[in-house]
2 protein chains.
Amino acid sequence: MPDPFSFDLNSFLPYRLAAAASRISRKFSERYRSEFGISIPEWRVLAHLYQSGDVSVRDIEARIDMEKSKVSRAATRLETAGFITKAVNDSDRRLLSLRLTEEGKALVARLLPVAMQFQSEMLEQLGPLAEGLDAGLTVLLQDES
Amino acid sequence: MPDPFSFDLNSFLPYRLAAAASRISRKFSERYRSEFGISIPEWRVLAHLYQSGDVSVRDIEARIDMEKSKVSRAATRLETAGFITKAVNDSDRRLLSLRLTEEGKALVARLLPVAMQFQSEMLEQLGPLAEGLDAGLTVLLQDES
DNA sequence: CGGTATTTATTGCAACTGCAACAATGTCAA
DNA sequence: TTGACATTGTTGCAGTTGCAATAAATACCG
């Protein structure tokens, strides 16, 4: 165990991870918030709907790291803005069927290049270290709690 | 540029980083929240005070990734709980002098082993990938915006 | 069937957050 | 010295968050 008297928060891995994530998320959200007017939870729901087509709140909660209440509120905002529709699932009326509208698809089509560009810049900044970072994240994202 | 139709949020680096950080922070805070009753911002202020001795709100804001209002509120809670003292800096009366009380030092002394243990478990889980993850975080934490 | 337990999405609530406004203090040039 | 400007920490505010409670729908089991 390291000498507790030499503890340095800036070399403490959970802090480093949180600080890096916070900085990246802030920079990314600045990119699209001004131009597209959506928040991070809304972006995540849109992105998931784009790749998955027609899903429920529960599906999104299971697939991406978001509380169901957060998903629900993001979906309500997106519906109000006209980017998605909410419909009751006929075979199980507890479930919602979230789906992108044409406007929603158009929004995502404009959003994705911004996202890919941002990721490209990250990878460029990381250079050969990107692979190691990604491998570490994969381990941390494994379900084992 | 990747095919936008194949976009997968779970392979999008900013999302992966945020999800991993969120999961780790939650697990870590569960460890000490129940036993010590402090929040993440409070833990960060305590840890920084422990390593730096006698600092102002501005110093903490500059050193760790926290808004000054967040630091201010965490400091108020810690003072109310008796873990730190706030004094006016005599040479510049705009500045505060935050300092751990004896109770605060005792709290940190109990907190640090928990933190080091948590980090050890992370490193164990990561194995040889820890080095690569850390190197990537170092790049992302560099000031260049 | 009937009744209890489970699942799903929403909402109320209290706490937290970031931002901007603010008062108090300090700096500096004229 | 004075007066404009900068810095520091706190607070008001509106928006967001996570958790628990809830209502509606379904599953299950006797």
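Each chain gets a letter, A, B and so on, in the order its sequence line appears, and its residues count up from 1.
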How close or far is atom P of D/dC19 from atom CZ of B/Arg26, stated in whole angstroms? 8 Å

With respect to the side chain of A/Pro41, which nucleotide from D/dT10, C/dG18, D/dT17 is positioned closest? D/dT17

Touch check for A/Ser56, heavy atoms < 4.0 angstrom, all strands: base, sugar-phosphate only, or nothing? sugar-phosphate

Rounded to the Å, how far apart are B/Glu67 CD and D/dG15 P? 18 Å

Could you tell me whether the side chain of A/Arg94 has a donor or acceptor atom within less than 3.5 Å of a complementary atom in the base of C/dT7? yes

Identify whether the distance between the nearest side-chain nitrogen and carboxylate oxygen of B/Arg33 and B/Glu30 falls below 4.0 Å. no

Phosphate OP1/OP2 of D/dT10: any B/Lys86 side-chain N/O under 4.0 Å: yes

Using OP1 and OP2 only, check whether a side-chain N or O of B/Ser69 sits under 4.0 Å from C/dG18. no

Indicate, yes or no, whether a donor-acceptor pair under 3.5 Å links the base of D/dG15 to the side chain of A/Arg73. no

Can you see whether A/Ser56 engages A/Arg94 through a side-chain donor-acceptor pair at a distance of less than 3.5 angstrom? no

Give a yes-or-no answer on whether the side chains of B/Ser22 and A/Asp65 include a donor-acceptor pair shorter than 3.5 Å. yes

Is there a donor and acceptor pair closer than 3.5 Å between the side chain of A/Arg33 and the base of D/dG15? no

Rounded to the Å, how far apart are A/Met66 CE and D/dT17 C1'? 11 Å

In whole angstroms, the gap separating C1' of D/dT7 from CG of B/Asp92 amounts to 8 Å

Between A/Glu121 and A/Gln125, a side-chain donor and acceptor under 3.5 Å: no

